[in-house]
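Naming convention: chains lettered A, B, ... in sequence-line order (proteins, then strands); numbering from 1 in each chain.
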Amino acid sequence: MDTISDFSPGKKISSFFQSRKLAVILISSIILVSIIGTHIPQKSQLKPEVYNAWKTNHPTQAEIFDFLGFTNMFSSAVFIGLCSLLFLNTSFCTRNMLVSALRKLKRNQQFQNKDQINGLETRSEISTAKEDKIVISHIDSVLQSHGYRLSLEGNKIFAEKNRYGVFGVPLFHICILFIILATVYGSLGRMEGDMRLIEGQSLQEDHGNYMFINEGPLFYENHQKFDIKLDKFYPDYIDSTDTPRGAAGKLIISENGNEMKTDIVYSNNLVTYRDYTFLGNVYGMAPLLVLMNPDGTIYSGSYITASDPDSSGRYVASFDMADTGLEGGLMVYMTAPLTGIEESGNTKQTPIMFMKIFDQGEEIYDGTLRLNDTVKIPWNNMYLGFYDIKYWSNFYVVKDNGTLLVYAGLGLITLSLTIIFFVIPKRVWVEVVKDGADGATEIYIGGRADKFRSLYNEEFSDIIDKIKERLSNVTD
Amino acid sequence: MGQIDWIMYLTAATLYALSSVVYIYCLVFKNEGRIKFAANIALAGLLFHGVSIALRWAEAEHGPYVSMFEILSGYAWVSTAIFLIAQQKYGKIKIAGFIVMPVSFLIMGASSTYSRDIQLIPASLRSYWLIAHVAFAKLAFGSILVAVGIAALYILKERSSKKNNMDSFYDRLPRLQVMDELMYHFVASGLLFLTIMIGAGAIWANQTWGRYWGWDPTETWSLITWFTYGICLHLRMNVGWAGKRVAWLIIFSIFILAFSAFGVGYVYNSLHTGYLTS
């Protein structure tokens, strides 16, 4: 009966977290929460307009799920709490597993006598007229041919293989802990952003090219030690092996005016520099619109980034015209002229732009512009020119120092699972006794595998058969 | 060549169907004599199927991992191949083909409902990591399907022995303990392959989308599947579950695996939807 002095909160907590059933409960809960997370629309995975549409259509559900944090399930308190408990549970179990593996490693290095061998589940006895030394040498040879390492002590043999397989289970659990820590470390110091560059344009000092930036609480670097320029954009890039690679951008990275790296970013071909990774993202066309005063001087001008939402090859944008209060909408696409001007094997394409301009919501211009066209707009006698067109591309920029650690963890988990299930510690104990009344030599042999014991019986039977075969074939 | 590979495919599907019928006949009528015949038909089907895949591979210039037709066909081929290798090694579980072959045939049937047009490999799929990802998904499914076959045999043998009417048919199956270990063995292999599949997928996702994990429904379901088989093995190794309970758990879990591999793209809006539904 427990007395008050026996009660130790530390022990209670320790035994609670060491529970193997707790692991089952926690993992089952994580599975359940994950399934719920895949059913409820997640803010982080949907485009804002899609998420907002769901919210509008299901206001009550959205409110409840939002309140519970289920619309951000995988960063919700419930999910993080479960993962933290699993982390604690795994930590406590890992400590025990390591201690037990070390104990097993020491305990198993023992010779056993015939009585102990007779207590084993998998055992056999062989009687032979051969001399004990000859018998031992044949047993040695058979066990070695099965991959066992032997120790000898008088007439006793202890053989084992895959000794370090006992560390498979603790290693697996250490890897789980390692991956969780690497993920946390990576996300705390993570930086991600979407950088928009027009051909020939460089990253601006003030982050002006970033559409968004998310920085983890421990991200502290000034990631603008270097400059990035989109030197050239290829909507249909074909690499040196004639393999189509889709959209690609040639990036030039420089530091203090010195070119440090030039590479082409396309799908599955990232550019990395100083632990930052650059991936190609959406792209589009950017016509240059210049607004001019009646005397021909420039009032304002900029490249308008137009995108192709339905992959039709038609790029659309809406824009404000500097501080004029005018708003505009355009659609631009590339077309080959009917005459088909050939230029080094390719048909030269020219842009055509359809544009509307509104003043206080009232349409004041609707027309078509070709490259280098200038039109007069009915607003303060000003002119609008379409003088250039370039590609623009968004580059997803990410820095996550945990990535390589997670990969290492995954590699080690694979290794540990291989050890657990395929590097199974197996042991054989033998005692050779010259005790037959007729001077026969008795061989007591037993074996044990840590797992798959029934399947191990086949290997053990094979060992016994081979020993018998050897002994029957030899002459003294 | 397109017609030849299709004829080979249909021949393979027919042989799988025939093999399934013979396996089921052997189980229902406890006729051992025809099991070898069923395995030989399955092997013939596998050869025709293999030639069909090879011809299409040569024509498309990419392996069976771009269109759903190719992916499902690959699943059926790998599952059958793993089963035939397993039954070669553990001869007494040959009758497990009564689960494996009908499933392979059904996957072939499902595969044939998708377009057979050869699709150019999109730039985003040009990665060795993707090849590893898909290959190990198929190996995982094949290993676990064999485990399901053994689990079903385990339950049948156990029921028969409980009724004390153990006939010679079930008697000649491996001992219950051996079958228990065999299903454990195949689920363990499946978990190992699932781990490599998830790892390769994570690396590919990082190359393509800039993050190795994003809680996309397909990714989440692959983790759910991994956890499910992790629990199976944990219960077997550490909590003392064995035999019938684990056998039922393995049978139940394959529905989670199948949903994760084939169903998620249809139910959820996922980044993988385009790859898994066309």
Honestly, the part of A/Phe395 sitting under 4.5 Å from a heavy atom of chain B is neither
Turns out that what part of A/Phe422 lies under 4.5 Å from chain B's heavy atoms comes down to side chain
Max heavy-atom pairs within cutoff under 4.5 Å with chain A, candidates B/Pro174, B/Ser127, B/Gly199, B/Gly210, goes to B/Gly210
Under 4.5 Å to a heavy atom of chain B? For A/Val24 that would be both
For residues 176-185 of chain A against chain B, heavy atoms under 4.5 Å, the residues are A/Ile176, A/Thr183
- Would you say B/Ser160's side chain and B/Leu156's backbone share a donor-acceptor pair under 3.5 angstrom? no
Okay, A/Arg453 and chain B: the region with an atom under 4.5 Å from a heavy atom over there is both
Given A/Asp400, A/Val169, A/Thr403, A/Val398, the one with more heavy-atom pairs under 4.5 angstrom with chain B than any other is A/Thr403
Show me, pair by pair, the donor-acceptor contacts under 3.5 angstrom made by side chains of residues 138-150 of chain B, not counting sequence neighbours?
residue	atom	partner	partner atom	Å
B/Lys138	NZ	B/Pro64	O	2.7
B/Ser143	OG	B/Leu139	O	2.9

Exercise answer: donor-acceptor pairs, residues 29-36 of chain A side-chain atoms, under 3.5 Å, sequence neighbours excluded:
residue	atom	partner	partner atom	Å
A/Ser29	OG	A/Ile25	O	2.7
A/Ser34	OG	A/Ile30	O	2.7

Scored by heavy-atom pairs under 4.5 Å with chain A, the best of B/Ile231, B/Leu235, B/Ile256 is B/Ile231
Among residues 237-246 of chain B, those lying within the under-4.5 Å heavy-atom range of chain A are B/Met237, B/Asn238, B/Val239
In terms of heavy-atom pairs under 4.5 Å with chain B, the winner among A/Lys451, A/Glu192, A/His39, A/Glu458 is A/His39
So, the part of A/Phe452 with a heavy atom under 4.5 Å from chain B: the answer is both
Okay, A/Leu279 and chain B: the region with an atom under 4.5 Å from a heavy atom over there is side chain
